[in-house]
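In this chain, residues are counted from 1 in sequence order.
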Amino acid sequence: MKMKKVMSLVLALSMALSLTACGGGDAQTTAPAAEPEAAPAESEAAPAEGEEAETPAESDAEAPAAAGADVSGKTVVFIPKVTGNAFFEAANDGAQKYAADWGITVDYQGSATAGVADQVQVINQAVASGADAICISTVDAAGVRDALLEAKEAGLAVCTWDSDAQSDARALMVSQGTPEILGQMLVDMSVDALKKRGVDPTKDEVQYVWHYSQATVTDQNSWQVAGEAIIAKDYPNWKKVADNYYSNQDAEQAVSTGAAILDAYADIDLIICNDSTALPGQLKAAQNKGITKDDITITGFATPMAIKEYCDAGVLYEWGLWDCGIQGALGCYLAAYMAAGNEVKVGDVISVPGIGDCEVMANDCLTEGDTTADTNNGVVLLPERVVFDESNVNDYNF
């Protein structure tokens with residue numbers, strides 16, 4: 001097997017990254033295509049070969065934004081869904097690395113329990129501490145809305161990453177991809193792994209179920225909904241055998257829930273775990289029962305090192321993720337950027353030192369029908385995702 005890139009860039013998960021583009025636009029295009037826009041004097045110069053694109057207003061509108069007001073000295077409270085999880089700890093590692101270069105303070109604060117009340121308490125503590133900004137991955141967008149609105153009212157900049165808040169409760173969201181991109185990735189990994197164990201996904205009846213954290217978690221729920229739509233369209237022969245299983249981002253519960261699925265459905269073909277706690281728990285439950293990748297297909301999202309032992313043991317063929325270190329760092333930078341008094345609108349490009357140029361997109365790229373405020377509101381997409389398997393898992397260290 002060889003590494004399959006879902007996007008066209010190589011994921012530099014060692015955190016020793018060269019400059020890459022984070023620009024929006026069509027998420028299936030190569031991010032470096034945005035590089036010509038980054039020329040320092042582009043807003044005043046004619047295009048290299050263009051005699052028709054010299055209108056100053058048009059040139060100014062298309063040029064990247066300047067670096068903006070200095071972010072140094074800002075303090076960002078960085079809030080995960082849950083502490084102790086490899087995904088969120090790796091995101092914090094990335095944020096801390098870049099924070100040192102940017103001259104900002106990233107205060108990683110969370111709870112070992114993925115609960116709304118715990119996140120609200122951390123948000124309130126951030127306000128009381130005098131922090132400049134919050135960057136949060138929410139466990140329940142509606143549940144933390146009031147607390148985030150109060151933080152904004154108190155003068156803190158609020159950004160989100162990984163799992164969004166309601167769009168009126170934050171400025172910018174750093175998303176790993178649209179629901180369609182990530183739902184498609186989950187289905188594609190499922191199809192590929194089914195084929196590897198001799199199942200024909202287009203002809204055979206595939207009995208499947210979803211296992212992830214909570215129905216209230218914005219990101220995972222949207223991927224599941226998008227994945228279901230793709231399955232219904234492209235694989236009508238698949239049969240969902242039960243409602244979604246949830247394990248609340250609790251490691252022990254993920255194992256017990258995984259065992260319950262295996263006990264209830266002896267003929268299950270596929271378990272999709274779009275959650276970095278559910279996937280290792282489901283794999284552990286399968287391993288405990290002597291189940292291998294040639295018996296049942298299990299796939300989903302988690303860090304490489306969290307799944308390596310199950311890959312080495314032959315419990316799954318493949319799984320995927322994105323660079324959560326870059327995502328966490330980018331979210332913290334944008335929070336500090338907003339706290340520094342910078343103003344952005346959809347279409348603006350923010351130059352992030354050490355990471356690249358990131359375009360602000362409208363909120364409806366994530367949620368159909370969502371509105372976007374005229375200023376200081378929108379979404380930034382990560383440019384890449386990667387599928388891991390036995391051929392490349394040892395290339396990563398988190």
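- Residues passing the side-chain contact (heavy atoms from CB on, under 4.5 Å) test with Lys345, sequence neighbours excluded: Asp348.
- Using a cutoff of 4.0 Å between basic side-chain nitrogens and carboxylate oxygens, Lys239 and Asp269 are not scored as salt-bridged.
- Remark: side-chain polar atoms of Asp234 are not paired, donor with acceptor, to backbone N or O of Ile231 under 3.5 angstrom.
- In this structure a side-chain-to-backbone donor-acceptor pair under 3.5 Å is missing from Asn342 to Gly68.
- Within the 3.5 Å criterion, the main-chain N or O of Gln253 finds a donor-acceptor partner in the side chain of Ser256.
- Aromatic ring centres of Trp161 and Phe88 lie closer together than 6.0 Å.
- Side-chain atoms of Thr257 and His211 form no donor-acceptor pair, as typed in the model, at a separation below 3.5 Å.
- Aromatic pair Trp319/Tyr310: centroids not less than 6.0 angstrom apart.
- Checked against the 6.0 Å centroid criterion, the rings of Phe301 and Trp223 qualify as a close aromatic pair.
- Using modelled atom types and a 3.5 Å distance limit, the side chains of Asn274 and Gln220 yield no donor-acceptor pair.
- Contact of the Leu366 side chain with the Leu381 side chain is registered, since non-hydrogen atoms from C-beta on lie closer than 4.5 Å.
- Aromatic rings from Tyr98 and Tyr333 are positioned such that their centres are separated by 6.0 Å or more.
- A salt bridge links Asp192 with Lys196; the closest basic N to acidic carboxylate O contact falls under 4.0 Å.
- A donor-acceptor pair under 3.5 Å is absent between the side-chain atoms of Ser247 and the main chain of Gln249, judged by distance alone.
- In this structure, Asp132 contributes its side chain and Ala339 its backbone to no donor-acceptor pair below 3.5 Å.
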